[in-house]
Q: 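Would you mind keeping the following structure in view while I ask a few things?
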Amino acid sequence: MTGSATRTVTVVPLTADHADEVVTIYQAGIDEGNATFETVAPTWEQFDGAKLPEHRFAALDEAGRVLGWVAVTRVSDRCAYAGVVEHSVYVHPDARGRGVASALLKALVDSTEAAGIWTIQSGVFPENSASLAVHARAGFRVIGTRERIGRHHGVWRDTVLVERRSPHIG
Ligand SMILES: CC(C)(COP(=O)(O)OP(=O)(O)OC[C@H]1O[C@@H](n2cnc3c(N)ncnc32)[C@H](O)[C@@H]1OP(=O)(O)O)[C@@H](O)C(=O)NCCC(=O)NCCS
């Protein structure tokens with residue numbers, strides 16, 4: 001992909017056809033050091049097994065290349081939390097700053113609300129100002145900062161818990 005990639009973004013269900021690009025974009029975000037505690041991207045099989053099949057999307061350019069993806073996991077097996085999911089959103093470094101994450105989050109909100117899911121949450125490193133901005137723009141609110149919640153390359157790090165509570169459910 002080049003920096004002159006086209007401007008048109010189409011959001012489609014994420015399938016095995018997108019596997020290699022999804023994993024590559026995941027690893028690019030990981031390598032920047034402020035996206036996740038993970039240090040190695042999962043294989044497609046691990047990703048596919050962990051993420052809910054109904055609520056995963058890829059953003060494509062006009063040539064069908066993957067610009068970014070969003071996917072969710074359930075946070076709990078307890079029925080009280082049946083409508084609560086945790087999401088990840090990753091955009092190719094060359095495709096940032098032109099609304100790809102916003103388009104993916106809109107698709108995710110529409111899809112989860114249609115399925116009766118009422119809360120989407122995520123943990124964001126406080127240093128990840130792009131992610132905090134994207135989530136604020138998408139209607140997520142900051143719940144608070146979880147202090148020294150996990151170790152990343154041996155260093156204790158905080159996360160900011162963000163959530164979007166659907167106004168349409170309940
Ligand atoms: C965070 C990330 C997904 C944002 O993707 P993106 O496609 O560049 O974001 P968008 O272009 O949709 O931006 C949405 C809004 O956030 C703002 N924003 C995006 N990046 C920003 C930055 N670096 N600083 C300030 N604001 C930023 C945009 O200005 C836009 O606001 P606007 O609609 O009012 O103009 C992308 O930087 C990324 O993939 N990072 C690595 C992986 C990662 O950290 N994922 C999140 C894990 S919690």
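First listed ligand is number 1; within each ligand, the first listed atom is number 1. Computed from a predicted model, the values in this text were never measured in an experiment. Just so it is clear, the values below take in all heavy atoms, side chains as well, and ignore hydrogens, waters and symmetry mates.
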Q: So, Arg96 side chain and Val91 main chain: donor-acceptor pair closer than 3.5 Å or not?
A: yes
Q: Report the nearest protein non-hydrogen atom to atom 37 (O) of ligand 1: residue, atom name, distance rounded to 0.1 Å.
A: Arg96 CD, 3.3 Å
Q: What is the closest protein heavy atom to atom 25 (C) of ligand 1, and at what distance does it sit?
A: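 The closest heavy atom on the protein side is Ala133 CB, 4.0 Å.
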Q: Is any NZ, NE, NH1 or NH2 atom of the basic residue among Arg74 and Glu86 found under 4.0 Å from an Asp or Glu carboxylate oxygen of the other?
A: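 Here Arg74 does not pair with Glu86 in a salt bridge, since their nearest N and O are not under 4.0 Å apart.
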Q: Please list the nearest protein heavy atom to atom 8 (O) of ligand 1 with its residue and the distance rounded to 0.1 Å.
A: Gly97 N, 2.7 Å
Q: When only distance counts, is Ala35 in polar contact with ligand 1, meaning an N/O pair under 3.5 Å?
A: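 The answer is no, given that Ala35 and ligand 1 share no N or O pair closer than 3.5 Å.
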Q: Within the distance-only criterion (no hydrogens, no angle test), does the side chain of Asn34 pair as donor or acceptor with the backbone N or O of Asn128 below 3.5 angstrom?
A: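 No: the side chain of Asn34 does not pair with the backbone of Asn128.
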Q: Report, in ascending order of atom number, the atoms of ligand 1 lying under 4.0 Å from any heavy atom of Arg137.
A: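 Counting from 1, the qualifying ligand atoms are 31 (O), 32 (P), 33 (O), 34 (O).
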Q: Less than 3.5 Å between some nitrogen or oxygen of Arg98 and one of ligand 1, yes or no?
A: yes
Q: With rounding to the nearest 0.5 angstrom, report the CD1 to CD1 distance, Ile30 to Ile25.
A: 12.0 Å
Q: What atoms of ligand 1 come within less than 4.0 Å of a heavy atom belonging to Ser102?
A: 12 (O), 14 (C)
Q: Are any of the N/O atoms in Asn34 less than 3.5 Å from those in ligand 1?
A: no
Q: Could you check atom 19 (C) of ligand 1 against the protein and tell me its nearest heavy-atom contact, residue, atom and distance included?
A: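 Its nearest protein heavy-atom neighbour is Val134 CG2, 3.9 Å.
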Q: Have His55 and Thr112 got a donor and an acceptor in their side chains that come within less than 3.5 Å?
A: no
Q: Does any N or O of ligand 1 fall below 3.5 Å from an N or O anywhere on His135, backbone included?
A: no
Q: Does any N or O of ligand 1 fall below 3.5 Å from an N or O anywhere on Gly99, backbone included?
A: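 Yes, since at least one N or O of Gly99 sits under 3.5 Å from an N or O of ligand 1.
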Q: Less than 3.5 Å between some nitrogen or oxygen of Val124 and one of ligand 1, yes or no?
A: no
Q: Suppose I only count heavy atoms of Tyr90 and a 4.0 Å limit; which atoms of ligand 1 are within that range?
A: 39 (O), 42 (C)
Q: Calculate, to the nearest 0.5 Å, the distance between atoms CD1 and OG1 belonging to Ile149 and Thr159 respectively.
A: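 Going from CD1 on Ile149 over to OG1 on Thr159, the span is 5.5 Å.
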